[in-house]
Amino acid sequence: MSKLIDISLDQWDASGSATQQAAALQALEDGQVLLLPRLGFSLHPEEHGLLNGAAGNASGAKNISWEPVRGVRGQGDACDAALLAALMQRYARQTRSLLAGLLPSYQAHLQQGKGSFRPVEIAGRVTSWRKDDTRLHIDSFPSSPTQGRRILRVFTNIHPRDAPRVWKLGPPFEQVAQHFLPVAQRPQPVLAALLQWLHVTKSRRTAYDHYMLQLHDAMKADLAYQAQVEQHTHAFAPGQTWIIFSDAVSHAALRGQHALEQTWLLPVRAMAAPDKSPLAILERQLQRPLA
Ligand SMILES: O=C(O)CCC(=O)C(=O)O
Ligand SMILES: [Fe+2]
């Protein structure tokens, strides 16, 4: 069962003590959630309007995503894209400095992924089962293969009043893989090549990415499993930040509104214990190389 450990840093640019750094590294790689209960994200005065529905999302997308080169995508017309991009850039910088102070051995290896602003209430959101994050899942991105790299995500609840972001945490990756690999379809290299050629995927979907997507989908599709598997609920209050390897910590987001998230990718070799990666676990269970 995934657990949370508290880290008492309250500044984005603070350095953890050697003890905090060692505890954070081990907990994270063991599939726990690092909770920073006193680390919030401050909005500038002109940014408060973004939480008043100005960032309404005409496309029906659940999140507004941001990348340094492409800028923001998915925002409604009423939303000031430049304002949002500046906010996302600041959040990305602050998460990088937090990771540097807490997990210094990762710093030189982190690759910046997408960020997101999440202004839409989760509860009652209408979506397909595959996109339904209220169901327990491990993260795997259909169009952005990681090719084995870890998905390290930082979230902050920025709700202006008191609404928590409520998550469920489920069984560890090893157990999820044991349950669903036996029914997983085998990868088809020709299909992976076609998807890349058609630009459905941004790079080659490796056998690793294929199996991660299979686990993501099989887990969300299995309502009996969702109901009976061990899980516990945790509420992240406004003004709190949390960090997880979301490719290995099974999770679901039940309710909440207004969060920021920044994704970082980490090569497996940069881990203190690469044998704890989903790549190594899948390779052991399938008894073949996947990356
Ligand atoms: O929005 C959230 O709190 C998390 C949703 C989720 O599971 C995800 O983005 O992968
Ligand atoms: Fe997720």
Side-chain angles (χ1 to χ4, degrees), residues 2 4 28 31-36 39-41 50-51 55 57 59-67 73-74 88 91-92 95 113-146 149-159 163-173 176 180 209 212-222 225-226 229 231-265 278:
S2 299
L4 293 97
L28 201 61
Q32 297 187 31
V33 178
L34 303 187
L35 172 64
L36 296 110
L39 185 62
F41 179 78
L50 294 170
L51 307 188
N57 178 332
S59 60
K62 56 188 177 183
N63 306 322
I64 297 172
S65 72
W66 171 82
E67 284 173 287
R73 293 204 298 172
M88 294 308 304
Y91 185 65
T95 65
K114 283 185 191 167
S116 60
F117 172 61
R118 305 179 172 216
V120 181
E121 169 60 49
I122 297 167
R125 205 164 54 187
V126 179
T127 176
S128 67
W129 65 268
R130 199 175 259 122
K131 288 187 177 162
D132 182 0
D133 288 335
T134 68
R135 302 180 184 206
L136 282 168
H137 63 282
I138 49 117
D139 284 348
S140 174
F141 308 133
S143 60
S144 304
T146 75
R149 290 170 298 172
R150 304 300 315 273
I151 301 173
L152 181 60
R153 295 183 117 177
V154 184
F155 288 86
T156 303
N157 184 343
I158 56 165
H159 195 280
R165 200 165 191 87
V166 181
W167 275 31
K168 278 192 307 200
L169 296 168
F173 184 83
V176 172
F180 290 107
D209 296 299
M212 291 298 283
L213 275 175
Q214 288 276 307
L215 295 185
H216 169 276
D217 288 1
M219 202 175 179
K220 278 187 175 173
D222 190 338
Y225 180 82
Q226 293 278 333
V229 81
Q231 51 198 280
H232 75 263
T233 302
H234 184 83
F236 299 99
Q240 298 193 326
T241 291
W242 59 106
I243 308 173
I244 59 165
F245 274 127
S246 65
D247 50 5
V249 177
S250 65
H251 61 281
L254 303 183
R255 59 191 167 88
Q257 188 182 10
H258 301 310
L260 294 174
E261 171 271 331
Q262 178 63 47
T263 297
W264 295 91
L265 298 168

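Remember, it's 1-based here, ligands and their atoms both numbered in the order they're listed. Excluded from the calculations below are hydrogen atoms, water molecules and symmetry mates; all remaining heavy atoms, backbone and side chain alike, are included.
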Taking non-hydrogen atoms only, is R153 closer than 4.0 angstrom to ligand 1 via side chain, backbone, both or neither?
side chain
for atom 3 (O) of ligand 1, nearest protein heavy atom and its distance come out as R165 NE, 2.7 Å
With heavy-atom distances below 4.5 Å as the criterion, would you say the side chains of I64 and P119 are in contact?
yes
Have a look at the Fe ion (ligand 2) and estimate, to 10 degrees, the angle subtended by NE2 (H137) and OD1 (D139).
90°
Dump the intermediate steps for side chain to side chain contact (heavy atoms under 4.5 Å, CB included) on L35 and F236, then the final yes or no.
CA-CA 9 Å; L35 172 64; F236 299 99; 3.8 Å; yes
Does ligand 1 have an atom that lies less than 4.0 angstrom from a heavy atom of H137?
yes
Regarding D133 and K220, does a basic nitrogen lie under 4.0 Å from an acidic carboxylate oxygen?
yes
Full working for ring-ring contact (aromatic ring centres under 6.0 Å, His included) between F245 and F173:
CA-CA 11 Å; F245 274 127; F173 184 83; over 10 Å; no
For residues H251 and H137, determine if any side-chain heavy atom of one lies less than 4.5 Å from a side-chain heavy atom of the other.
yes
A student comparing D132, T134, D133 should find that the heavy atom closest to atom 8 (C) of ligand 1 comes from D133
Taking the side chain as C-beta and beyond, is there a heavy-atom pair between Y91 and I158 under 4.5 Å?
no
Compare K131, R118, Q257, H251 and give the one whose heavy atom is closest to atom 5 (C) of ligand 1.
R118
Atoms of ligand 1 under 4.0 Å from any heavy atom of A253, numbered from 1 in the order shown, are 2 (C), 3 (O), 4 (C), 5 (C)
Any atoms of ligand 1 less than 4.0 Å from a non-hydrogen atom of D139? List them with their elements.
10 (O)
